[in-house]
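Given the structure is predicted, the values throughout are model-derived calculations rather than measurements.
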Amino acid sequence: MVYPIVVYGDPILRKRAKELKKDSIDLPAFVQDMYETMYAAHGIGLAAPQIGKSIRVFVVDGTTLEEEKEDMSGFKKAFINPEILDEAGNVWPFEEGCLSIPNIREQVSRPAKVKIRYYDELWNKKEEEYDGIKARIIQHEYDHLDGKLFIDYLSPLKKRMLKGKLTDISKGDVDTEYRISAPLKK
Ligand code: NI
């Protein structure tokens, strides 16, 4: 099932999402819905709050990235109750976008490496390290679970410049190829 994507201005995107309790939902089905929704919107990452569910789950699929120099094979995963254990390495800038903030892309600086512990959709506990674009996707999606968005990292000036566009997005006044749920849409 493809959900509409909740966009900027909806308070759910600003809440700290709750830990998922084992067996509280049909997890494989939910993860499947998240993948379907992400693919329908041509995203490479999607967090549960973006489909209106305030739980600590996100999915990624970097294997669809074209012209990527990094090896993305196998980087299709669901992260349940993730915990970032460590971030390290040089802080580097990379242009980020977000399905909840359509048509805006900005440079964001984050540490290059991340160590993460999580459960997969079959509730196997994992601990892994990532760097480069993979780390970046994980950091961005993880932020969603803590109510953070990539625009929070921008300078006050940049934020002021984006204000009008963000207001338009929250009113649903934005072109997307996917279905959105805008909080201020009349
Ligand atoms: Ni995002």
Side-chain angles (χ1 to χ4, degrees), residues 3 5-20 30-31 34-35 37-38 41-62 65 70 72 75-121 126-156 158-159 162-163 165-166 169-170 176 178 180-183:
Y3 286 83
I5 305 275
V6 171
V7 297
Y8 180 82
D10 193 308
I12 201 163
L13 295 177
R14 290 310 197 176
K15 267 172 67 175
R16 187 182 189 279
K18 286 214 165 70
E19 302 270 324
L20 189 66
F30 181 71
V31 165
M34 289 206 50
Y35 280 124
T37 303
M38 179 175 74
H42 300 288
I44 53 172
L46 183 73
Q50 296 181 276
I51 60 165
K53 312 283 181 192
S54 195
I55 50 176
R56 300 185 79 77
V57 175
F58 67 80
V59 296
V60 301
D61 188 351
L65 273 177
E70 279 176 37
M72 287 286 171
F75 193 59
K76 176 189 170 182
K77 283 163 189 284
F79 294 79
I80 319 299
N81 294 342
E83 252 182 289
I84 287 189
L85 303 172
D86 193 29
E87 284 183 297
N90 292 330
V91 170
W92 65 297
F94 184 72
E95 197 181 72
E96 295 188 23
C98 180
L99 294 176
S100 294
I101 311 174
N103 307 343
I104 294 180
R105 301 190 68 84
E106 294 290 344
Q107 296 278 338
V108 177
S109 290
R110 302 183 193 260
K113 295 180 191 172
V114 65
K115 187 187 214 180
I116 190 165
R117 183 193 293 152
Y118 64 98
Y119 294 88
D120 67 12
E121 67 270 42
K126 309 258 182 168
E127 200 172 303
E128 290 162 349
E129 284 182 51
Y130 292 97
D131 59 11
I133 311 281
K134 292 177 193 146
R136 181 57 66 120
I137 298 169
I138 287 170
Q139 289 160 323
H140 176 115
E141 297 312 325
Y142 186 86
D143 269 357
H144 276 297
L145 307 185
D146 286 341
K148 246 191 255 175
L149 301 170
F150 80 89
I151 51 170
D152 301 345
Y153 295 92
L154 305 178
S155 70
K158 261 271 152 62
K159 275 186 214 163
L162 290 176
K163 213 175 166 204
K165 278 191 189 173
L166 292 171
I169 289 171
S170 58
T176 54
Y178 49 92
I180 61 171
S181 163

From [X] [atom1] over to [Y] [atom2], what is the distance, rounded to the nearest 0.5 angstrom?
X	Y	atom1	atom2	result
Arg136	Asp131	CZ	CG	12.0 Å
Cys98	Leu13	SG	CG	7.5 Å
Tyr130	Ile84	OH	CD1	12.0 Å
Lys113	Ile138	NZ	CD1	14.5 Å
Met34	Leu46	CE	CG	4.0 Å
Ile104	Leu154	CD1	CG	9.0 Å

Tyr118 side chain to Glu128 side chain, donor-acceptor N/O pair below 3.5 angstrom: yes

Taking all atoms of both residues into account, what is the closest heavy-atom pair of [X] and [Y], and its distance?
X	Y	value
Gly45	Leu99	O-CD1, 4.1 Å
Ile55	Ala48	O-CB, 3.4 Å
Ala88	Pro111	O-CB, 3.6 Å
Ser100	Ile169	O-CG2, 4.1 Å
Pro82	Phe58	CG-CE2, 3.7 Å
Ile80	Asp120	CG1-O, 3.6 Å

With the side chain counted from C-beta on, respond yes when [X] and [Y] share a heavy-atom pair under 4.5 Å apart, and no when they do not.
X	Y	value
Arg105	Glu96	no
Asp152	Arg14	yes
Glu127	Leu85	yes
Leu65	Phe75	no
Gln50	Glu141	yes
Ile5	Ser181	no
Val60	Ile44	no
Asp143	Leu149	no

Cation-pi, Tyr35 ring and Lys76 (6.0 angstrom, 45 degrees): yes

Six-ring centre of Phe94, Arg110 cation under 6.0 angstrom, axis tolerance 45°: no

Test: Arg117 and Asp86 ion pair at under 4.0 Å: no

Salt bridge present between Arg16 and Asp146 (N-O < 4.0 angstrom): yes

Evaluation steps, side chain to side chain contact (heavy atoms under 4.5 Å, CB included), between Val108 and Glu95: CA-CA 6 Å; Val108 177; Glu95 197 181 72; over 6 Å; no

Residues that Lys18 engages under salt bridge (Lys or Arg N to Asp or Glu O under 4.0 Å), provided they are two or more places apart: none

Residues Asp61, Lys77; criterion side chain to side chain contact (heavy atoms under 4.5 Å, CB included); working and verdict: CA-CA 7 Å; Asp61 188 351; Lys77 283 163 189 284; over 6 Å; no

Criterion side chain to side chain contact (heavy atoms under 4.5 Å, CB included) on Leu162 and Glu106, from CA distance to verdict: CA-CA 10 Å; Leu162 290 176; Glu106 294 290 344; 3.9 Å; yes

Polar side-chain atom of Thr37 near backbone of Tyr3 as donor-acceptor pair, under 3.5 Å: yes

Derivation and outcome, side chain to side chain contact (heavy atoms under 4.5 Å, CB included), residues Ser170 and Val7: CA-CA 6 Å; Ser170 58; Val7 297; 5.8 Å; no

Working for ring-ring contact (aromatic ring centres under 6.0 Å, His included), residues Tyr142 and Phe79: CA-CA 9 Å; Tyr142 186 86; Phe79 294 79; 9.4 Å; no

